[in-house]
Undergrad: 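My questions will all concern the structure given below.
Chain A is the first sequence line, chain B the second, and so forth, proteins listed ahead of strands; every chain is numbered from 1. Predicted, not measured: the structure shown is a model, and the values here were computed from it. Below, each value reflects all heavy atoms present in this structure, side chains not excepted, and no hydrogens, waters or symmetry copies.
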Amino acid sequence: MNDFQRKIIQWYNLNKRDLPWRQTLDPYRIWVSEIILQQTRVDQGLAYYERFIARFHDVRQLAEADEQEVLSVWKGLGYYSRARNMHHTARRIVQEYAGVFPETCHQLLRLKGIGKYTAAAIASICSHEPVPVVDGNVVRVFSRIFGIEAMAGTTASFNKVWERSSALIDRDDPGTYNQAVMEFGALCCKPANPGCGQCIFRNDCFAFGNQMVDRLPVKKKEISRRERWFTYLYVRVGGGKVLMQQRPQGDIWQNLWELPLIEADHLLGPAEVSAHPVVNQGGELEEIIAVNPKDYRHILTHQIIHARFYEISGYQTGEAFEAGDYRVMEDPLVTGLPVSRLTDRYLHWRAGNMQGL
DNA sequence: AACTCGGGGTC
DNA sequence: GACCCAGAGTT
């Protein structure tokens, strides 16, 4: 056993957090946890993991559910393709693998939603395959300790970190080794204000020795964000129902539901909304009865969404909309329909402020 | 290799 | 406001 793995595993045994997916070696549960934790902090994913496992106990239950149910459990977590891919892969595992997860990293890699990181994580934890994981934590820890200066996120960086970790991995317990490096990155070797003072590698760390801790790993330039303007219409149809539509393919929030949307290069004023076809489609001009007082500013990785919500009074001929893209449905708050965080925020605000209307 | 896909915690 | 999180799929 080399010095690095001995020290990091000892540190891990003393400092690791008590997390539910560390109580099992069930590939299904490890898989669920790894997908949830993609680009997601442990604190944020924890409740979702508990809910997901409670609702879908095993891969067969997940395979038997419809996608809408899976998306509903995922609602608010973001990167919804993870949920769609999991559902797809669950069905494939049941049909092609008789419900038994593949064991090797190579086989796992062929499943939708499972990339290099997740394949290595599942294989090393569940099957003791000695393959290193390379995630944001591992890149940071290795870049600092060993002075890897390749820009984070590039294949050069990935390959150098992978080679280093591959040479140091504990071949008897690769799963614990991998989790130890990640946990160390999450708790000690943090992006900002790392705990170098009490770090077990402070005498060996390249970055610490060269005062480069704040410059490693080398970060890539900030991405630009596209601005978009969404004017949403809460159209009350009658009987407590409202018009809804499903998000299109190839855009954000694919397959989630939302209110009728007018996207333009600005947020629409009341006059523009009144003149809009959606508002007049019932045959006569309907009345705008409310607008949320403050426009929303919803920030995604590559987009800034400006949003405004109008509430429009009762059509009695909602059936007219069934022919188009719109559907007459119960308020999504009641039905648990999968909606974006933006829509969810508005609906909750409305429920708390519009009781009299 | 570059882009896109969410949402939120942290500094 | 910038950064970045137990990344993956598409182009």
Side-chain angles (χ1 to χ4, degrees), chain A residues 12 16-17 19-22 30-49 71 74-86 88-89 108-122 124-125 132-141 150-159 165 175-187 189-194 214 217-226 228 247-256 296-305 338-345:
Chain A
Y12 180 66
K16 66 181 173 188
R17 289 167 288 185
L19 301 171
W21 47 85
R22 289 182 177 157
I30 299 299
W31 174 54
V32 171
S33 74
E34 294 298 348
I35 301 296
I36 287 178
L37 266 34
Q38 286 170 6
Q39 294 295 286
T40 304
R41 289 169 203 283
V42 167
D43 293 338
Q44 187 187 1
L46 203 45
Y48 280 90
Y49 174 82
L71 285 173
W74 209 267
K75 185 181 74 166
L77 190 56
Y79 283 158
Y80 298 91
S81 64
R82 293 183 292 176
R84 294 194 304 271
N85 288 337
M86 277 186 83
H88 177 269
T89 291
L108 288 162
L109 211 37
R110 297 172 39 180
L111 299 172
K112 189 163 283 189
I114 297 183
K116 289 180 187 175
Y117 164 78
T118 305
I122 298 173
S124 66
I125 294 172
V133 296
V134 178
D135 76 330
N137 289 309
V138 181
V139 168
R140 187 169 57 255
V141 170
M151 194 157 56
T154 62
T155 54
S157 165
F158 179 93
N159 289 335
S165 192
T176 298
Y177 165 89
N178 279 333
Q179 294 187 78
V181 180
M182 291 189 285
E183 190 79 336
F184 182 74
L187 298 183
C189 196
K190 296 178 292 184
N193 303 329
D214 58 342
V218 177
K219 295 165 281 189
K220 45 181 173 180
K221 303 227 181 299
E222 179 62 6
I223 44 85
S224 60
R225 288 193 170 95
R226 172 164 68 124
R228 302 172 77 176
R247 290 290 301 168
Q249 309 292 302
D251 201 352
I252 55 171
W253 305 323
Q254 184 180 319
N255 289 7
L256 271 64
Y296 290 80
R297 178 186 168 85
H298 190 75
I299 300 176
L300 307 179
T301 304
H302 292 87
Q303 304 186 17
I304 298 177
I305 312 284
V339 296
S340 70
R341 197 77 177 96
L342 171 63
T343 297
D344 204 43
R345 279 216 175 91

Undergrad: Judged by each residue's nearest nucleotide on DNA chain B, which is more toward the 5′ side, A:Q44 or A:K190?
TA: A:Q44

Undergrad: Who passes salt bridge (charged side-chain N to carboxylate O under 4.0 Å, His left out) against A:R345, sequence neighbours left out?
TA: none

Undergrad: Could you tell me from which nucleotide to which nucleotide of DNA chain C, 5' to 3', there is an atom under 4.0 Å from chain A heavy atoms?
TA: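 Using the under 4.0 Å cut-off, the span is C:dG1 to C:dG9.
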
Undergrad: Applying ring-ring contact (aromatic ring centres under 6.0 Å, His included), name anything that partners A:F184, two or more places apart in sequence or on another chain.
TA: A:W11, A:F201

Undergrad: Can you tell me how far P in C:dA8 sits from the matching atom in B:dG8, rounded to whole Å?
TA: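 It works out to 22 Å between them.
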
Undergrad: Measuring only the C1' atom in each nucleotide, how far is C:dC4 from B:dC5? A whole number of Å is fine.
TA: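 It works out to 15 Å between them.
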
Undergrad: A:H298 or A:T154: which one's nearest nucleotide on DNA chain B is closer to the 5' end?
TA: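 Upstream on the strand: A:T154.
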
Undergrad: Checking all strands, does A:D251 fall into the base, sugar-phosphate, or nothing category for heavy-atom contacts under 4.0 angstrom?
TA: sugar-phosphate

Undergrad: Here's a test of your reading of the structure: between A:P217 and A:K116, which maps to the more 5' nucleotide of DNA chain C?
TA: A:P217

Undergrad: Please name all residues satisfying ring-ring contact (aromatic ring centres under 6.0 Å, His included) with A:Y296, sequence neighbours left out, ordered by chain then number.
TA: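 For A:Y296 the ring-ring contact (aromatic ring centres under 6.0 Å, His included) partners, ignoring immediate neighbours, are A:F309.
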
Undergrad: If you find the nucleotide of DNA chain C closest to A:L109 and the one closest to A:T40, which residue's nucleotide is nearer the 5' end?
TA: A:T40

Undergrad: At a heavy-atom distance below 4.0 Å, which nucleotide of DNA chain B is the first touched by chain A, and which is the last?
TA: B:dA1 to B:dC11

Undergrad: Holding to side chain to side chain contact (heavy atoms under 4.5 Å, CB included), I want the full list of residues that pass it with A:L37, two or more places apart in sequence or in another chain.
TA: A:W21, A:V42

Undergrad: For A:L342 and A:I305, work out which heavy atoms get closest and say how close.
TA: CD2-CG2, 4.1 Å

Undergrad: Going by side chain to side chain contact (heavy atoms under 4.5 Å, CB included), name the residues that satisfy it together with A:P191, two or more places apart in sequence or in a different chain.
TA: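 Only A:R140 meet the side chain to side chain contact (heavy atoms under 4.5 Å, CB included) criterion with A:P191.
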
Undergrad: When you compare C:dA6 with B:dC3, how far apart are their P atoms, in angstrom units rounded to a whole number?
TA: 25 Å

Undergrad: Going by side chain to side chain contact (heavy atoms under 4.5 Å, CB included), name the residues that satisfy it together with A:R297, two or more places apart in sequence or in a different chain.
TA: A:I299, A:I304, A:H306

Undergrad: For A:D214, give me all partners under side-chain hydrogen bond (donor to acceptor under 3.5 Å, both in side chains), at least two apart in sequence or on another chain.
TA: none

